[in-house]
2 protein chains.
Amino acid sequence: MDQEPLHRRIAGDIERRIASGEWRPGFRIPTEAELTAEYGCARMTVSRAMSDLSARGLVVRRRRAGTVVAHPPVHSSALVSIPGIQSEVEGRGLAYSHRLLGRIVRPARADEGLGERVIELETLHLADDLPFVFERRLISLSAAPEAEAADFTAQPPGGWLLAHMPWTEAEHRISAVGADHETAAGLGLADGAPCLRLERRTWRDGQGVTWASQIFPGAAYDLVARFSPTKG
Amino acid sequence: MDQEPLHRRIAGDIERRIASGEWRPGFRIPTEAELTAEYGCARMTVSRAMSDLSARGLVVRRRRAGTVVAHPPVHSSALVSIPGIQSEVEGRGLAYSHRLLGRIVRPARADEGLGERVIELETLHLADDLPFVFERRLISLSAAPEAEAADFTAQPPGGWLLAHMPWTEAEHRISAVGADHETAAGLGLADGAPCLRLERRTWRDGQGVTWASQIFPGAAYDLVARFSPTKG
DNA sequence: GAGTGGTCTAGACCACAAT
DNA sequence: TTGTGGTCTAGACCACTCC
């Protein structure tokens, strides 16, 4: 009967009226006192429902002014799923494999933000033995000294890092580039073919751990982002 | 002194210990009862702090088992900011303008999911009078009949829609493409130059409203996504 | 069975902003 | 001034699930 908590029922009722267009952006929602009376519950229960809606950006609450339905964002944000390559490949029902193309250890440049020494790796990721992603990666040996002894032919760098150095902060940059000669050769494309580049930087406790540039053939790959203000 | 609510101070304290690595993934956090004693407050206050952390994915809570620090996601998601072009341009301190290059009204194709008739628009967006984005857009005249009479030379289609048909659901697709001849001409690029394509579909209450394909010069544009499990 | 989180109550005081 | 949300209390009962 009563599985759904009351605060979620209240939030859901309001959400439905917003989604259906019955309550348009700018519409002033009943006050907590009114909703408390309507549902016959304590004010804190209504308050929790409204706080949840507010946290999800569906409504805007201001003291004295009351609660109004939010306007859809001009600068909208959407959750984009940043794929782990291996799980991405396997999720498509293909066999994942990888080849380590290059590995050197060298001093880090100051602008790399990765400490004193880095290991520099080039990896080709394959799906059913066909090239899928060309990856260049730097790993900070200050942050992850164990990386110097790791066998990156057995485990790709991304997987190794996930297991050994979980990050606490990440930044991704998505851009379009033409494949340079080396990348084009690795992926079997024409020089200059449009590719999606995903750059990823991660930190652990403020210290730079790794930088990676992953290049996907443009024709074969999409990032999809969904945003639904009414569905979290 | 006491501006910060107690529940946020509690959440912040815990967050800091997770971010610093003091409490690693899997670590079992003190129970609500223990935290209640530690902070000398009511249990609901602690509960709210922990619920917030849980909603943000920093911790996982299970009855009887207690609350543990969450493992970082394998398949991570990040919030990517999807720009409104005008605000993007103005945010860079440049002057925004636009030119309507084409406009026709025609029957919709079934696979477009936009009702019976659509208006098809081609718009060039400029920053300081230099081409910045080439946009192709379809607007459903079933969902937005007023669009047929709108003056899209005065207001760009995106801005008009935001004002007249706020969406409730959106999907974005990010990919890399080579500029076709028309796009290249519009943006002043060589044919086939790598570009970032942002496709956007929006719905209002389940009904398709618009589809847009916005093409950014690859060299001039990045989408940035940040993810920080410790900072929301 | 007992420890844990999930929800809810019926109050209270305070901060803020519109009037 | 006063209406509104923001926070907090000190309890309570319940639902899980591990032991």
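Computed from a prediction, not measured in an experiment: that's the story for all the values here. Just so it is clear: chains get the letters A, B, ... in the order the sequence lines come, proteins before strands, and each one is counted from 1. Values reported hereafter were calculated over all heavy atoms of this structure, with side chains retained and with hydrogens, waters and symmetry mates removed.
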Can you tell me how far [atom2] of [Y] sits from [atom1] of [X], rounded to the nearest 0.5 angstrom?
| X | Y | atom1 | atom2 | value |
| --- | --- | --- | --- | --- |
| B/Arg137 | B/Glu120 | CZ | CD | 12.5 Å |
| A/Ser175 | A/Leu196 | OG | CG | 7.5 Å |
| A/Leu121 | A/Trp160 | CG | CH2 | 10.0 Å |

Nearest-Å distance, [atom1] ([X]) to [atom2] ([N])?
| X | N | atom1 | atom2 | result |
| --- | --- | --- | --- | --- |
| A/His7 | C/dT9 | NE2 | P | 11 Å |
| B/Arg9 | D/dT7 | CZ | C1' | 15 Å |
| A/Asp52 | D/dG6 | CG | C1' | 14 Å |
| B/Arg43 | C/dG5 | CZ | C1' | 6 Å |
| A/Arg61 | D/dT4 | CZ | C1' | 9 Å |
| B/Glu32 | C/dC8 | CD | P | 15 Å |
| A/Ile10 | C/dT9 | CD1 | P | 8 Å |
| B/Met44 | C/dT7 | CE | C1' | 8 Å |

Query raised in the report: With under 30° as parallel and over 60° as perpendicular, where do the rings of A/Tyr96 and A/His125 fit, or are they tilted in between?
Result: tilted

Under 3.5 Å, is there an N or O donor on one side and an acceptor on the other linking the side chain of [X] and the base of [N]?
| X | N | answer |
| --- | --- | --- |
| A/Arg48 | D/dG6 | no |
| A/Arg63 | C/dA15 | yes |
| A/Arg62 | C/dA17 | no |
| A/Arg64 | D/dT2 | yes |

For A/Leu126 and A/Val89 the tightest heavy-atom approach is O-CG1, 4.3 Å

Looking only at heavy atoms, the pair that brings B/Val46 and B/Cys41 closest together is CG2-SG, 3.8 Å

**Request:** Taking B/Glu34 for its side chain and B/Thr31 for its backbone only, find out whether a donor-acceptor pair lies under 3.5 Å.
**Result:** yes

query = With respect to the phosphate group of C/dT9, does any side-chain polar atom (N or O) of A/Thr45 fall under 4.0 Å of OP1 or OP2?
reply = yes

Do any side-chain nitrogens or oxygens of B/Thr67 fall under 4.0 Å of OP1 or OP2 in C/dG5?
yes

Ordered by number, residues from residues 22-31 of chain A within less than 4.0 Å of DNA chain C (heavy atoms) are none

Considering only heavy side-chain atoms of B/Ala65, the closest of C/dT9, D/dT9, D/dC18 is D/dC18

By nearest-nucleotide position on DNA chain C, the 5'-leaning member of B/Ala33 and A/Ala42 is B/Ala33

